[in-house]
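Before any comments, here is the structure.
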There are 2 protein chains.
Amino acid sequence: MSERRARRTAPTSHDVARLAGVSQSTVSYVMSGKRSISAETRERVMAAIEQLTYQPNAGARALRGRTTHVIALMVRLGERADPRDTVPYIDTIVEAARERDYDVVLITTDEGPDGLKRMAGRQNCDAFILMDVAARDERIATAAALDLPVVLIGTPADRAGLDAVDYDAVAAAEALVDELADTGHTHAVVLGETGGVVPGEYWFLSAFHDACRDRAAARGLAFDAVHPDRPGWAGVDAAAPRLLAHRGERLGLIARTPQAAEWLLQLTRLHGLRPGADVSVVGVCSDAAAAAFDPPVTNVSAQARDVSRKAVDLLFERLGGSETEPGLHLIAPGELHRRATTAVFS
Amino acid sequence: MSERRARRTAPTSHDVARLAGVSQSTVSYVMSGKRSISAETRERVMAAIEQLTYQPNAGARALRGRTTHVIALMVRLGERADPRDTVPYIDTIVEAARERDYDVVLITTDEGPDGLKRMAGRQNCDAFILMDVAARDERIATAAALDLPVVLIGTPADRAGLDAVDYDAVAAAEALVDELADTGHTHAVVLGETGGVVPGEYWFLSAFHDACRDRAAARGLAFDAVHPDRPGWAGVDAAAPRLLAHRGERLGLIARTPQAAEWLLQLTRLHGLRPGADVSVVGVCSDAAAAAFDPPVTNVSAQARDVSRKAVDLLFERLGGSETEPGLHLIAPGELHRRATTAVFS
DNA sequence: GTGAAAGCGCTAACAT
DNA sequence: ATGTTAGCGCTTTCAC
């Protein structure tokens, strides 16, 4: 007795209308609130919707209303990206989109410009957010020609008239160097990028390092930027002589990422230095991460959530028809929090 | 002179048909290949498609064909999850879906069962993949009632008749303990979960630890599982006395994650022990990550990509109408790779 | 080998 | 305050 379960077909607004004894359009208007409905009718319709657990068909809505309620998020997910640097952005973008009843389609940077053309051409989405924007990024010209709202996260050399949001890496660098200067340090060393990162590929890298250098000069600190030639801890370990060259003096170490901070703590520990006493470690990371380090690390906050929120806000302004001049929106780091790893030299 | 750019409306199959001098249905059939078309007609249609850069409207397709070409991926993205453990899965799922011309909508576990109902009810997707499946997971009953294909990644107490794919944590644990036993170790200690992870919340945690314990007993090794009571490095550091209690003997340390391996290396280093000579460190992580450690860590591979691929394969089998009995599919760890951190005791 | 036409489920303009 | 109807762009009969 092969019992084949009949595939129940989903209820339509027509079914709701019949059950409520009204016309299909009335159901639509009840849902949208775009015209006044007598309390009694509304009630009956709502009851029918409830009873059938009716939900409007997204395809039909998209077809008719030419709006998909989907935003496409293009991000790098492969080995080349550190997930800890991207997931907080993604999480916040999904959250902010959902607050407006939008869903997020995830596509990878590897798809390149064709991925954007596909999503836009098939009308799979209403708008784009592009992450991991490089200084020269082949996706940007395509995105700009798309006739759909686009927001970049990152700072390209040429925005091509698009909105962009980025973390203010310069302000972050300056705040960190100032902390060292204000507490009597004489030497600042920033741990640079490990492995084969092309210098100038991303604005935030060069901007951060340049700002460190410039601010150190302005505040009268000796400065070095150490870029390990091997990736991972091994590279940091190998660079120890240069990183700690001035360990006898008033030395402050600067980390651009939580991972870098972790390595610097490890390095100082291994060389018998006490962070906060013999040497300082300061860096960019979330307040939560900074407080969780052992010892807690003096930090300026990385603001991934603020950057993402701003990006989504901008996107929905555009979707709402805003025609204001597109621009680059820099998100300031939070206040610097002095924690245990700042050594105060008198 | 306010120049308002006319919003070009996207070309339709009708436009293509007109330009090629054929009927709309012919355009459709050229694209789908569902009936034979004369070479000459096909050529003209293709040329028109090219010229207009026509792409079919996804909403219309979904409406007519009742298939969205979208799979929904529900995953935990917030602070409670380590992005390094989830992103490789996500990446592979997106990749595998794209190979079949499907897109992936990302929704968060926080949306819970209602998120599934919404996606299914609105017909926003054709199928689901659920990640971070807990032993008792409120999403599963809802998912099972959905009448759409669902694949779980993880092992719940009750699959409710759904397909599930998981990493074979038991086999991994056994391979690691065997490596220690085979190389003459007398003591095995596994670094457990840090912070407030509820024991039994996830199958893979208890399964891994139980399997370590059982295999150690079977192979005659003294065994301990150390669960730090603080999260992060601080917890590991505080647990050092117990982790290294048997440092004088033939001790092997077991890490379930790359992060754990990193901490164990750091711990041994800090206590003047040489991994691979005085003590062993073995763990579960990708071969790439294992080789990148300093020194390279003996590992069994974590197989995130294989798990994800299997999940997507299963999903498309179901979408293709397969009615085979759903089951739990365990993905075996790769071969154990002995690297520098195995100490061989004679 | 090709065309004409119906209809998927919805919204909004046009009725009353 | 509500009903009727056209039509979004596509796929797939049905007809030749």
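Worth knowing before you read on, the calculation uses all heavy atoms, side chains too, and leaves out hydrogens, waters and symmetry mates. In the text below, chain A, chain B and the rest are named by the order of the sequence lines, each starting its count at 1. What you see is a predicted model, and the numbers here were worked out from it, not measured in a lab.
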Base, sugar-phosphate, or nothing for L63(B), non-hydrogen atoms under 4.0 angstrom? base
S25(B) near the nucleic acid: base, sugar-phosphate alone, or nothing, with a heavy-atom cut-off under 4.0 Å? base
Atom pair distance, as rounded to whole Å: CZ in R61(A) and C1' in dC8(C): 16 Å
Under the side-chain contact (heavy atoms from CB on, under 4.5 Å) test against R98(A), which residue among V104(A), I93(A), D103(A) passes? D103(A)
Quick one: N124(A) CG to dC10(D) P, roughly how many Å, whole number? 13 Å
Could you state the CD-P distance from Q24(A) to dA13(C), rounded to the nearest angstrom? 16 Å
Interatomic distance where NE2 belongs to H14(A) and P belongs to dT11(C) [whole Å]: 15 Å
Counting only heavy atoms from other residues, nucleotides and ligands, does the tally under 6.0 Å from CE of M46(A) exceed 12? no
Expressed in angstrom and rounded to an integer, what is the separation of L52(A) atom CG from dG9(C) atom C1'? 15 Å
R66(A) CZ to dT11(C) C1', in whole Å, measures 12 Å
Report yes if a side-chain nitrogen or oxygen of S38(A) is closer than 4.0 Å to either non-bridging phosphate oxygen (OP1 or OP2) of dT2(D); otherwise report no. yes
Could you tell me whether T12(A) contacts a base, only the sugar-phosphate backbone, or nothing, with contacts defined as non-hydrogen atoms closer than 4.0 Å? sugar-phosphate
Would you kindly give the CZ-to-P distance between R122(A) and dC10(D), to the nearest whole Å? 12 Å
Can a side chain N or O of S13(B) be found less than 4.0 Å away from OP1 or OP2 on dG9(D)? no
Can you tell me if the side-chain N/O atoms of S23(A) get under 4.0 Å from OP1 or OP2 in dT2(D)? no
Check the orientation of Y102(A) and H69(A). Use parallel for under 30°, tilted for 30 to 60°, and perpendicular for over 60°. parallel
R35(B) near the nucleic acid: base, sugar-phosphate alone, or nothing, with a heavy-atom cut-off under 4.0 Å? base
Contact nearer the 5' end of DNA chain D, comparing Y54(B) with A39(A): A39(A)
OP1, OP2 of dA13(C) versus side-chain N and O of Y29(A): anything below 4.0 Å? no
Starting at the 5' end of DNA chain C, which residue's closest nucleotide do you reach first, V27(A) or R42(B)? R42(B)
Which is true for S28(B) with a 4.0 Å heavy-atom rule: it touches a base, it touches only sugar-phosphate, or it touches nothing? base
Among V165(A), D166(A), V133(A), find the residue that satisfies the side-chain contact (heavy atoms from CB on, under 4.5 Å) test when tested with T155(A). D166(A)
Answer yes or no: does a side-chain N or O of K34(B) lie under 4.0 Å from OP1 or OP2 of dT12(D)? yes
Is the side chain of R159(B) donor-acceptor paired with the backbone N or O of P326(B) at a distance under 3.5 Å, no angle test? yes
The test is side-chain contact (heavy atoms from CB on, under 4.5 Å); show your working for M31(B) and I49(B) and say whether it passes. CA-CA 10 Å; M31(B) 300 208 68; I49(B) 287 175; 4.2 Å; yes
Within this structure, what is the CD1-to-P distance between I37(A) and dG3(D), rounded to whole angstrom? 9 Å
Options dG9(D), dC8(D), dG3(D), nucleotide nearest the side-chain atoms of R64(B): dG9(D)
Contact class for T41(B) (heavy atom, under 4.0 Å): base, sugar-phosphate, or nothing? sugar-phosphate
